[in-house]
Each structure stands twice: as structure tokens, then as C-alpha cells.
**Student:** 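I'd like to ask some things about the structure below.
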Amino acid sequence: MTRYQARSGLGAGKYTLTETKTPAGYNTAAPVEFTISFTNDAANPTFTSDNSAVTFNGTTGLFGTTIVNNLGNTLPSTGGVGTRMFYVFGGCLVAAAAVLLALKKRREA
């Protein structure tokens, strides 16, 4: 789990937090979109985000969110000896059917 933080110097507007480099063996995190708005009260300015996953810490002046890094799944290998056996067996059946069909036509002729 990684915590990303951005300085409060971000202006009001729409932002997208995108993972640009995914660590080996991990899935790329989905982009996090959020809009920052604030009140223009000089005595007590407040910053807010429309995405509940993005929070603002008034003490530190940082926006933050938590991204969970998930390990990628390894797909099972397919094919191999098992499928080759089906191909050989199926080929033998087709060949045997062709020979039997040819013999049947010779007997009828």
C-alpha cells in the first residue's frame, strides 16, 4: 500500500493521479480522478475534494490518497502434452474413418 501526497499549492481544478511506472509483478493501479475546490475566505480557507478517497489535511497542507498495490496474477500454462494427445487421438480416428470409408466404397463397386 502506497500513500501519495501532493502539496496544497495545487489550484482549484480537475486532476487525475495516474501510475506512470508499475513495479515488476504488480498490476497498474486505476487512475484516481478528483476535483479540488476551495472557499475564498482569507481568515479560514477550506480545501475540499469531490472524491472521498482524496483527503486534505489542514495541519500539514497536503492532499492525500491511498493506492493499494496488487500483485499480478500468473496465468496457467495451456497446451502441452495433454492437448497433443487429443490431437493425435483425433487424427487417428479421422484416418481410421477415411480408411473404412474407402474400403466400404471398394466393396460396393
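The residues of the chain are indexed from 1 along the displayed sequence.
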**Student:** With a 3.5 Å distance limit and no angle check, can you tell me whether Glu19 reaches the backbone of Thr28 through a side-chain donor-acceptor pair?
**Tutor:** no
**Student:** With no hydrogens and no angle check, is any side-chain donor or acceptor of Thr65 less than 3.5 Å from a backbone partner on Ala53?
**Tutor:** yes
**Student:** For a 4.5 angstrom cut-off between non-hydrogen side-chain atoms, does Thr35 reach Tyr15?
**Tutor:** no
